[in-house]
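Here is the structure we will look at, set down as structure tokens.
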Amino acid sequence: SSTIEWRQALALSFANPAGRKPVLFFRDEASMLDLVESEELPQRLSDIRTEIAASGLSARPEVIAREPDSYVDIRNQFYLLPILSAREALLASGFRAKSVQVAAVTATPAPEEESAPVQSEAALSDFSAAVVFVIDASTSMGPYINEAREAVARIYARIESSGISGKVRFGLVGYRDDPKAVKGVEYLTRIFVDPAQVSDGDSFLAQAAALEPSKVSTRSFEEDGLAGVIAALDEIDWSPYGGRYIVFITDASSRGGAHPFSSTGLGPEQVRERALQDYVALYSLHLRTPAGRADHAAAERQYRMLSEYPGIGSLYFPVEAGDVELFRGAVDALAKSVVDQVAAAARGRAAEPTAEEPGEKGPTEELKRKSAELGHAMQLIWLGRTQKSGAPPLIRAWALDRDLDNPAVQALEVRALLTKNQLSDLQAALREIVSVGIATETSRSQFFDRLRSAVAALSRDPNQVDKSGAASLKELGLIGEYLEDLPYRSRVLALDEATWNRWSIGEQVAFIDDLSARIRLYQRFHDDVDNWIALDGGASPGDAVYPVPLSALP
């Protein structure tokens, strides 16, 4: 009598809190749609949220639970919101949303007192932040390296006068090229300043002085910038900080995952996914210098994607003509925003998003506004971690995957619970597809024939051997059935022989390169030991599950 039919291993998780209000859960779908389709939606929502803020309860029986004020981090406290059913709903605003029925299961149910309004002043007083600059240290970057150092020195003076010494830390990472391939470049990436090791301006400047522009040119105009970002993510301990920021500074595009000189094998999308796993925001300050004019469009495409932050948008900021004054203003505005957020938190005040002022339309003004929104989101995530917020302890409810107050913002994300065995099988299947794609590079029409042979050779199931008539990757059965019935559009499973043969060489190469990058991303999921969940208590290690974002599936 306590079982619930769950057709697919799909679950929801709360999206990043930036730019949205907490999710409301409803007793039934009809009452939920009645509310969201109402012309009085803003006022009714305001009334509901006011009631909950005042007493912890809604006077309306159709609203049965609400996401906590502070962020519920599925990586910190695993919870399960299985999707029981879903359909598309058209909102009065014109936006389309998913209407979902969910169950809720928590590994450790939240204490009942957590349903009361959150008292966050004490927790906020411990809020701290780290800002790590990742700087292109190639021959052209001298003026910007100096400006970044001087900006941090100015900010440290402001930190001391604000009485928050030690609560805002700065780091510095430089990147060049592979020293084994280019004589004289000295290093690929190097941590010049670890934020954990410096707490004042003098110490920062003493260590940062070692970062100088290279005297040797690298192998191509595009640099291995993503290697610098990965070094900052992997080699710096972000866990002590509530505010987590990387400021990526370059005048050139970065080598993508398929570039022969790439050391990471990852593209901007995968590096962004890696940063969001640890709630690190990535700013990109792109110096659009005259020398790089032919490279500007490619770099902008990469860095807009790299710096996309949920609920806020892209944290990409171009510095036209590489103007040093504009660069100084952008770095000062960003650092000042972080310091102001931490100073307010020290006084028990939450950061508040700022409204756009009339006439404020420039890049620096946009940077200030987005930084304030980002600070608010970072503090909610911090409160969730420190107060160990739990998911609402309900059995069944309905919700929309969009923010009811601002439906342009995602409120709930879909995740697929893959076991270790399934993730391993998926990696193996993609490696086989990539291997065949590379092997048939000069004879693309043989791609599907070679895949059919590979399936026959790999399969332990006699029914799988004869795939002579299979026309799509789904029919080949190389990828496990755990993906086949998921309600999402898989570019891989949908690929058929006719489409492959119709694609240009460039489209085929891009497809194979995308799979290669996903293989490396899955390896990072595999190595993320702390976030594999043993639902059976560890009886079968291969059955531990990982909440893989649906967007990460092929």
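All values below come from the heavy atoms of this structure, side chains included, with hydrogens, waters and symmetry mates left out. Quick note: residue numbers are just sequence positions, from 1.
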Can you check whether Ile230 reaches Arg524 side chain to side chain, under 4.5 Å on heavy atoms? yes
Looking only at heavy atoms, the pair that brings Leu400 and Leu412 closest together is O-CD1, 3.6 Å
Would you say that Val134 contacts Ile249 through its side chain, given a criterion of any heavy-atom pair below 4.5 Å between the two side chains? no
Salt bridge present between Arg154 and Asp332 (N-O < 4.0 angstrom): yes
One thing to verify: whether Lys368 and Asp340 come together as a salt bridge, which I'm taking to mean a side-chain N less than 4.0 angstrom from a carboxylate O. no
Would you confirm whether Asp73, through its side chain, and Arg385, through its main-chain N or O, come within 3.5 Å as a donor-acceptor pair? no
Strictly by modelled atom types, are Tyr175 and Asp224 linked by a side-chain donor-acceptor pair under 3.5 Å? no
Close side-chain approach of Leu205 to Arg149, heavy-atom, < 4.5 Å: yes
Any non-hydrogen side-chain atom of Leu306 less than 4.5 Å from a side-chain atom of Val271? yes
Start with the C-alpha gap between Tyr144 and Asp251, add the side-chain angles, then the distance that decides, and say whether side-chain hydrogen bond (donor to acceptor under 3.5 Å, both in side chains) holds. CA-CA 10 Å; Tyr144 309 104; Asp251 63 353; over 6 Å; no
Please step through side-chain hydrogen bond (donor to acceptor under 3.5 Å, both in side chains) for the pair Gln341 and Gln379, ending with a clear verdict. CA-CA 9 Å; Gln341 291 158 19; Gln379 289 183 351; 5.8 Å; no
Residue pair Val548 / Leu553, side-chain heavy-atom distance below 4.5 Å: yes
Test item: Arg176 side-chain N/O and Val185 main-chain N/O as donor-acceptor pair under 3.5 Å: yes
Main-chain N/O of Thr289 paired to His296 side chain as donor or acceptor, under 3.5 Å: yes
May I ask you to decide whether Arg288 forms a salt bridge with Glu300, counting only side-chain N to carboxylate O separations under 4.0 Å? yes
Any side-chain heavy-atom pair of Glu147 and Val331 under 4.5 Å: no
Report the relative orientation of the aromatic rings in Phe133 and Phe170; use parallel for angles under 30°, tilted for 30 to 60°, perpendicular for over 60°. parallel
Is the side chain of Trp532 donor-acceptor paired with the backbone N or O of His526 at a distance under 3.5 Å, no angle test? yes
Using 4.0 Å as the upper bound for N to carboxylate O, is an ion pair formed by Arg272 and Glu269? no
Side chain to side chain contact (heavy atoms under 4.5 Å, CB included), paired with Tyr245, selected from Leu315, Leu282, Leu374: Leu374
When you measure from the side chain of Gln270 to the backbone of Gly267, do you find a donor-acceptor pair of N or O atoms at a distance under 3.5 Å? yes
Ring centroid separation Tyr546 to Tyr522 under 6.0 Å: no
Drop me the distance from His286's NE2 to Glu320's CD, to the nearest 0.5 angstrom. 9.0 Å
Nearest 0.5 Å, please: how far is CG in Asn146 from CZ in Arg328? 11.0 Å
Determine whether a donor-acceptor pair (N or O, by modelled atom type, separation under 3.5 Å) exists between the side chain of Arg169 and the backbone of Val198. yes
Within the side chain of Asp278, is there an N or O that forms a donor-acceptor pair under 3.5 Å with the backbone of Val280? no
If you apply the rule side chain to side chain contact (heavy atoms under 4.5 Å, CB included), what do you find for Met378 with Tyr241, and how did you get there? CA-CA 10 Å; Met378 292 280 189; Tyr241 311 108; over 6 Å; no
Just by distance, do the side chain of Arg518 and the backbone of Ala552 share a donor-acceptor pair under 3.5 Å? yes
Do Ser254 and Tyr303 have side-chain atoms, one donor and one acceptor, less than 3.5 Å apart? yes
Between Arg274 and Asp528, does at least one N-O distance fall below 4.0 Å, as a salt bridge requires? no
Under 3.5 Å, side chain of Trp238 to main-chain N/O of Ala232, donor-acceptor pair present? yes
Is any NZ, NE, NH1 or NH2 atom of the basic residue among Glu373 and Arg369 found under 4.0 Å from an Asp or Glu carboxylate oxygen of the other? yes
Arg491 side chain vs Pro554 backbone, donor-acceptor pair below 3.5 Å: no
Can you find a heavy atom in the side chain of Glu222 that is under 4.5 Å from one in the side chain of His259? yes
Close side-chain approach of Ser13 and Tyr79, heavy atoms under 4.5 Å: yes
